[in-house]
Every structure is written in C-alpha cells, then in structure tokens.
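Let me begin by presenting the structure, written as structure tokens, before commenting on it.
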Amino acid sequence: MENTKLIVSSTPHIRSKDSIQSIMRDVLIALTPAALMGIWYFGIKALLIIAISIASSIFFEAAFQKITKKSITITDLSAAVTGLLLAMNLPVEIPFWLPIVGAFFAIIVAKQLFGGLGQNFINPALAARAFLLASYPTPMTNFTSPTGLFANSDTVAKATSLADAVSNATPLSRLNEGAFIPEISDYIDALSGNIGGCIGETCAIALIIGGIYLLVRRVISWRIPVTYILTVFILSWFFGRTPLYELLIGGLMLGAFFMATDYSSSPVTPLGQLIMGFGCGVLTALIRSYGSYPEGVSYSILLMNLAVPLIDRYTKPKIFGEVKKNDK
Amino acid sequence: MRTLTFKRGIHPPDSKSYTDWSPIKILMPDKGLLMTIPLSQHIGAPCESLVKKGDRVLLGQKIADSSAAFSAPIHSSVSGTVTDIKPMLTPSGTMCNSIIIENDGLFEEHPSLGKDTSYASFSREKILEKIKEAGIVGLGGAGFPTHIKQNPPKEKKIDTIILNAAECEPYLTTDHRVLIEKTDRVIKGLEILLTLHPNAKGIIAVETNKPDAIAALTKSSEGNSKIEVVSVLTKYPQGSEKQMIDAVTGRQVPSGGLPADVGCIVDNVDTVLAIERAVAKDRPLMRRIVTLSGDAVKCPGNYQVRLGMSFKDFIEATGGFKEEPAKVIAGGPMMGVAVYSLDIPIIKTSSAILCFTEKAAVLPPENNCIRCGKCVEHCPMGLMPLELNSDIMADDMESFEKHHGLDCIECGSCSYICPAKRHLAQSIRTAKRNVMAMKKKK
Ligand code: SF4
Ligand code: SF4
C-alpha cells in the first residue's frame with residue numbers, strides 16, 4: 001500500500017444531490033402540465049409561442065454571456081425556465097415576434113444587466129410581461145377564449161371577430177363588470193382551464209399539481225404560495241367578492257407557486273417569505289377590487305419584488321443563544 | 001417516550017448500514033510496529049515527555065504530562081522501547097512532537113494498573129484526580145480535558161449531565177455499538193459522573209435511528225431514578241453540544257458561552273466508557289473505538305484500536321483497501337479533516353477513518369448564489385450563511401462579526417444543502433480564524 005495522492009478539501013465532504021440544474025429541471029417538469037393544457041385549449045400556436053420564447057431566452061442568455069466573456073450557463077436551465085414562464089404569461093393572440101422581444105427584455109434587461117441569476121431583484125418573466133403590456137397593450141390584452149388544440153389562426157380570428165364580447169372576457173373582467181355570479185360550471189371551467197387568459201395561467205388544477213410537485217421536491221417552501229393564496233381568499237371574502245372562484249382565475253396559481261417564489265426576487269428568510277406571500281395577497285386583492293386593471297397578480301409580485309431587500313434586512317432569523325435570558 | 005429536537009438542521013443520508021451491524025473488533029498492533037504518540041492530543045497545554053530515547057516503557061505507563069492544570073497526561077498503549085522523540089504529522093495536518101515506541105508485542109502492564117478499584121468509596125476529588133491521571137479528554141473530537149469539564153466553577157450550578165449518544169455524523173457507528181455491547185458499563189460511567197454532581201440528573205439522548213440502543217439503555221437504567229433515556233430526532237447536527245442541550249432541556253447556551261452557563265455538561269459515549277474504566281478499573285486511556293468505513297476499504301467495521309497506531313498500519317491490519325482511496329477523512333464526513341498522508345497516528349480524538357474512492361470524493365464545482373434561501377432555512381444557529389459569505393467576499397470583517405459569523409459552529413449544513421455548491425462553511429471557518437487571530441493581537 002504505497003502512499004497515493006490524496007485529495008484534501010474542506011468540510012463538509014458530502015453534498016446534497018440538488019443542483020441549480022436539478023432545481024430548474026424540476027420547475028420545468030412542474031410547469032409541463034399547465035403548458036400542455038394551454039396548448040390543448042389554445043392550439044398549436046400556443047406551442048409555437050412557447051417554443052419561440054424558450055429558444056430566444058436561451059439564445060439571448062448565451063449571446064450575452066458570450067459577448068461579455070462570461071462562462072455560458074444555459075445548461076443550468078434557468079433561461080429555459082424564464083422562457084417558459086414568459087410564454088405562459090402571454091395571450092395566444094400575439095404576433096410571433098412579441099415573445100422574442102419579451103425574452104430579450106427578460107434575459108438581457110431584467111436578468112443579465114443586473115448580474116445574472118441570483119442578482120436580479122425582479123422576476124424576469126414578469127418584468128417582460130409588464131414591459132410588453134406597457135409597450136404593446138393591444139395584442140397583450142387580446143384574450144381569446146379557448147378554441148381547442150386544432151384551431152388555426154383563421155378560426156381563432158373568426159371566433160374573436162364573431163364575438164368580441166367573448167374575446168376580451170377573462171373571468172376577472174367579467175367579475176369586475178359586475179353581475180356575474182359564478183356557477184358550478186364556471187368553477188369547473190376555471191379549474192380545468194376552459195377560460196380566457198394567458199397560455200399557461202388558465203388551468204388551475206394543472207398549476208396546483210405542478211405546485212405540489214415543487215413542494216414535495218422541496219424546490220419551494222409552502223410559505224409564499226400558502227400565505228399568498230390564503231390572503232387573497234380572506235380579503236376577497238372580506239370585500240364581498242367570490243373568494244373561492246378568485247383563487248382559480250387571473251393567474252393566481254401560476255403567480256403564487258411559480259412567480260412569487262422565484263429565488264432571486266423573493267426573500268431568503270422564512271419570515272420574509274411569509275411577508276412576501278402576505279404582501280402579494282393584499283396587493284392582488286386590492287388591485288382586483290379597486291384597480292382599473294383587473295389582473296393584479298403580476299403587478300403585485302413585481303411591487304413586492306422591489307421590497308425584497310428591505311424585507312430580508314428586517315426579518316433575519318433569531319440567532320441561537322442571542323437572547324441571554326435562560327432559566328437557571 | 002418523548003422525541004426531542006432542535007430547530008432547523010439537515011437530513012443527510014446516514015450511511016451507517018455499512019458498519020452498524022459490525023461488533024467492535026479488538027485489534028492489537030503486531031510486534032515491531034512503531035506507535036507514534038503525539039504530546040498534544042487535547043485542547044490545552046502540550047505535555048512534556050517523561051521518557052527518553054532508548055527507555056523501555058510498559059503498557060499503561062504515563063509517558064508524558066504537563067504541570068499545567070489545563071492539560072491531560074498521555075500513556076503508552078503498548079510495552080516496548082522508545083526509539084525516538086521527534087516532530088511528526090498529526091491528523092489535523094500540523095506537526096507535533098511525538099514519542100515513538102516500538103511495540104515488543106508483550107503488552108506487559110505497568111504495575112500501577114488496576115490496583116485501586118474500590119471506587120464506591122472515592123471522594124469527589126479523588127474521582128476527578130483519577131479522571132485526570134487517566135488522561136481522559138473529550139473523545140468525540142473536541143479533546144477538551146474531562147477533569148476540567150467535570151469541575152466547573154462553583155457558581156455554575158450543574159443540574160443536567162447529558163450523555164450525547166446522538167451520533168449524528170453520517171457513517172459513524174462506534175457510539176451505537178458501544179451502547180448495545182457495553183450498555184451496563186456506559187450506565188456505570190454515567191453513575192460515576194452523577195456522583196460528582198449530586199444535584200444533577202443524567203439524561204441519555206439517543207437518535208431515533210438506534211432503537212436497539214434506546215431499548216438496551218432503558219432496560220439497563222431501570223433501577224436508577226436519576227437517569228432518563230430520551231430519544232432525539234435523527235437530524236444533523238443533533239450531536240452538536242448546543243443543539244443537544246437545546247433539544248433536551250430547552251435552554252440555549254448564550255452566544256459565546258459554555259454549556260455550564262445553562263447548568264449542563266455534555267459527554268460523549270466513548271468518553272464515559274473511558275471514565276468508567278479509569279475510575280472503576282483503574283486503567284488509563286490507551287485505546288479508542290474507531291469506525292472504519294467508506295467505499296475504498298475492504299473490511300468496514302468498528303475497531304477498538306491502540307492509540308498511536310498509524311492510519312496505514314491500522315487499515316492494513318483490517319484487510320487493507322479494496323480500491324485505491326482518493327480521499328481519507330479523519331472523523332465524520334461533515335466535520336472531519338481530509339488528511340493528505342496515511343502516516344499519521346490514531347489519537348484520542350480520532351472517531352472515524354473514512355476512505356473514499358475518486359467517484360465518491362470529487363466535489364461539484366462552485367456556482368454563484370441563486371438566493372434560494374436553503375442555507376438560511378437549515379442553519380442550526382439561525383445565521384444567514386449567504387450573507388456571511390458575501391461579507392467575506394467583500395472582505396468586510398466588521399460586517400461579518402455584526403452578522404454573528406463568530407457564532408457559526410462549523411457544522412457544514414449550509415454547504416451541504418446549497419444547490420449552488422458554495423463553500424459556505426469553509427469560507428466562514430477561515431474568516432472566523434482570521435477574526436479571532438486579529439482579536440488576539442489587539
Ligand atoms: S453557518 Fe455555520 S452553523 Fe450555520 S449551517 Fe453553516 S456551518 Fe453550520
Ligand atoms: S443555499 Fe447557496 S444558493 Fe441558496 S441562498 Fe444559500 S448560498 Fe445562495
């Protein structure tokens with residue numbers, strides 16, 4: 001037994017199996033059911049938008065890192081996650097160049113210019129959605145009702161032109177116009193995703209399944225989604241709205257499980273995460289009740305993103321043994 | 001029975017099934033082997049050699065001691081001849097003056113051994129003296145002289161002696177084996193300690209992954225109302241002193257304080273066994289129990305080994321390597337030290353030797369923090385490792401201290417859990433050392 005070269009490294013000598021890549025892969029897996037349902041309801045065009053969005057996000061990330069001579073990190077899959085989330089936050093009736101602009105904004109402006117993964121303080125996909133909404137309001141609010149998997153643009157166009165009332169009717173706008181009291185069938189439609197809205201936000205049940213997957217895999221903690229959803233429920237009830245129905249619509253599940261929990265733009269402290277969920281919930285309920293724009297989820301999360309550094313600063317965990325009052 | 005625990009922490013795979021079935025094997029060094037006995041195997045003043053080159057020494061003979069109170073004497077673990085006294089490499093990676101003894105294979109005992117065994121009539125002072133003279137230190141890894149730990153300042157009222165049988169480090173199984181094979185002796189050792197602290201009760205805390213040990217201890221301690229066996233959740237770092245006290249008593253050792261500040265003393269299993277042997281059998285500390293494990297060794301198991309045997313001789317005596325080791329760790333995988341040579345001796349604090357092949361030894365590369373918050377969620381001390389890490393990268397030691405960097409117990413939970421594989425614990429440990437060194441200078 002001769003003395004061979006031994007590796008000397010610092011403790012600990014074992015590491016968990018989780019990596020950035022495995023986490024991002026889990027997020028992609030968790031989003032898949034909702035994405036598939038989006039394609040099912042909104043047609044092949046939804047699939048194309050998803051593909052374009054993911055591909056351009058990955059492209060912009062690689063291109064930026066190449067130009068700035070950083071190591072290229074597209075294999076960590078975070079750009080793919082951003083691309084998918086962006087697509088799921090877009091309505092299907094948009095021109096194909098729009099997701100490319102969105103991906104550029106998300107990856108270059110919101111993520112890389114702030115220093116890349118972990119440094120960006122706002123959620124890139126949501127920032128891009130807000131940017132697109134401000135710059136191209138017409139296509140971005142053209143919410144068609146589901147037309148089915150094999151719908152081509154023609155039939156969609158026909159559907160929209162035939163019934164303008166339906167085309168812009170997301171459940172939230174209907175709620176806000178008043179006189180809409182959801183019935184059992186409306187609940188079922190909202191759960192299964194048979195309602196107007198963005199590609200990936202309509203099928204509540206698929207999003208909940210994805211969210212539970214993330215919880216089970218310990219990718220996210222329960223703190224943000226549960227407080228977010230509970231707060232919206234309680235406040236909508238308090239404001240005399242339809243609390244249960246409100247949970248299923250307006251992208252709340254997508255926001256609560258997948259957007260508000262984005263690592264970079266949410267608090268790292270457990271207490272901070274509770275505050276994040278609560279804050280998002282309050283803002284969402286307020287915007288829905290009093291805002292002129294009914295879809296409150298994105299803006300609530302973006303607003304809370306801005307408060308994250310502050311939240312983190314004031315919610316540090318109690319240090320073990322810091323309080324010196326021990327019973328002797 | 002109650003199952004207790006502390007806040008946060010992690011659940012690494014415990015990897016104990018490689019050795020937890022394996023009874024403790026007694027392994028004696030062959031004739032002619034060189035035993036290397038460093039003069040400092042504890043925290044405190046190093047010893048001075050009492051022997052010189054060419055001397056014949058006997059088994060159990062005191063061969064090194066110090067006049068300082070904060071120290072522990074050292075005994076020969078074999079009989080033989082002192083061939084040299086010179087600086088040698090130790091498991092911690094430092095050089096230390098060491099006595100080298102060639103084993104004559106006779107194991108001829110020093111006449112003083114085993115004479116004074118009427119321990120029931122011993123006074124408190126005599127017991128402490130026995131513990132000191134036997135050279136006992138914390139065998140769990142810290143190496144704190146036991147006679148000092150058992151004799152805290154008068155104003156600290158000790159009401160709880162905790163026998164720390166959590167054994168939370170993955171791979172380690174020596175405590176488990178001792179608990180089920182030498183149950184009565186462990187209880188006797190704890191009873192001896194309780195006579196030192198008449199107002200204290202003894203609590204044996206065992207992780208829930210050792211139900212056989214819990215059953216054996218409960219049965220064996222039945223007659224003694226001062227001893228309670230409790231189960232603690234299998235979670236790392238349950239065996240860390242502060243976390244153990246918190247779990248068992250609900251008291252938190254104040255930042256910068258000692259267990260005695262909250263009326264507790266925590267002892268390791270093998271240490272209590274050594275106390276029993278020193279006081280009841282009048283035999284000094286000459287051996288310890290070591291877990292040998294990892295995918296590179298042929299015969300993983302638990303071995304009772306003579307102190308001073310080199311890692312190399314020890315592993316060879318057990319059957320050697322199955323595959324070439326790429327990494328050898330002295331201690332557990334979470335807090336043990338990776339050694340760069342096998343020509344180092346087993347000392348009082350060597351609880352395990354783990355040998356890993358290349359496949360198991362290579363660590364993933366470091367990435368940028370993604371702010372997942374997992375390190376915060378799991379740090380048992382309530383620290384924010386990502387924040388400390390960025391303080392360190394900004395070289396801002398003031399902020400590091402303000403963020404309680406010095407409270408880190410170096411358990412490694414943060415590095416273990418971090419998906420970006422950041423070297424959190426490592427950076428914090430280095431920064432702690434630097435800050436402490438700076439403080440000393442001032
Ligand atoms: S910061 Fe220190 S105490 Fe906290 S998990 Fe890391 S090593 Fe353990
Ligand atoms: S666990 Fe690692 S990646 Fe996550 S917040 Fe801590 S340092 Fe950052």
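Naming convention: chains lettered A, B, ... in sequence-line order (proteins, then strands); numbering from 1 in each chain.
The part of B:Met384 that comes within reach of chain A is its side chain, from C-beta onward, which places non-hydrogen atoms under 4.5 angstrom from that chain. For a residue to count as touching a neighbouring chain, one of its non-hydrogen atoms must lie under 4.5 Å from one of that chain's; by this rule A:Ser266 touches chain B with the backbone only. Interface remark: B:Cys372 contributes backbone and side-chain atoms alike to the contact with chain A (heavy atom separation under 4.5 Å). Residue B:Ile409 does not touch chain A at all, counting heavy-atom pairs closer than 4.5 Å. Contact of B:Lys157 with chain A is not made at all, since no heavy-atom distance falls under 4.5 Å. If you measure heavy-atom distances from B:Pro170 to chain A, the contacts under 4.5 Å come from the side chain alone. When heavy atoms are compared at a cutoff of 4.5 Å, A:Leu117 approaches chain B by way of both its backbone and its side chain.
In this structure, a donor-acceptor pair under 3.5 Å is present between the side chains of A:Thr11 and B:Arg429. Side-chain atoms of A:Gln65 and A:Thr73 include a donor-acceptor pair closer than 3.5 Å. With no hydrogens or angles considered, a side-chain donor-acceptor pair links A:Tyr228 and A:Thr284 at under 3.5 Å.
Between chain A and the options B:Pro13, B:Gly373, B:Ala326, B:Pro12, the largest number of non-hydrogen pairs under 4.5 Å is found for B:Ala326. With respect to chain A, the highest number of heavy-atom pairs below 4.5 Å among B:Pro364, B:Ala338, B:Gly412 belongs to B:Ala338. Ranked by non-hydrogen atom pairs under 4.5 Å with chain A, the options B:Asn367, B:Leu363, B:Leu383 are led by B:Leu363. Counting heavy-atom pairs closer than 4.5 Å to chain A, the top-ranked of the candidates B:Cys375, B:Cys414, B:Cys369, B:Gly382 is B:Gly382. Per-residue heavy-atom pair counts under 4.5 Å with chain A were compared for B:Leu354, B:Ile329, B:Val328, and the maximum is reached by B:Ile329. Contact tally against chain A (heavy-atom pairs below 4.5 Å) for B:Asn368, B:Leu386, B:Thr430, B:Asp246: the top residue is B:Asp246.
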Dump the intermediate steps for side-chain hydrogen bond (donor to acceptor under 3.5 Å, both in side chains) on A:Ser16 and B:Lys374, then the final yes or no. CA-CA 12 Å; A:Ser16 70; B:Lys374 285 184 196 282; over 6 Å; no
Applying side-chain hydrogen bond (donor to acceptor under 3.5 Å, both in side chains) to A:Ser265 and A:Asn123, what does each step give before you reach the verdict? CA-CA 6 Å; A:Ser265 53; A:Asn123 184 318; 4.5 Å; no
Start with the C-alpha gap between A:Thr231 and A:Thr227, add the side-chain angles, then the distance that decides, and say whether side-chain hydrogen bond (donor to acceptor under 3.5 Å, both in side chains) holds. CA-CA 6 Å; A:Thr231 307; A:Thr227 38; 5.6 Å; no
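Partner of A:Asp26 under the side chain to side chain contact (heavy atoms under 4.5 Å, CB included) criterion, out of A:Leu31, A:Asp18, A:Val219: A:Val219 alone.
A donor-acceptor pair is defined here as one N or O able to donate and one able to accept, closer than 3.5 Å; no such pair exists between the side chain of A:Arg223 and the backbone of A:Gln273.
At least one test fails for B:Lys7 against the ring of A:Phe320: distance under 6.0 Å to the centre or angle within 45° of the axis.
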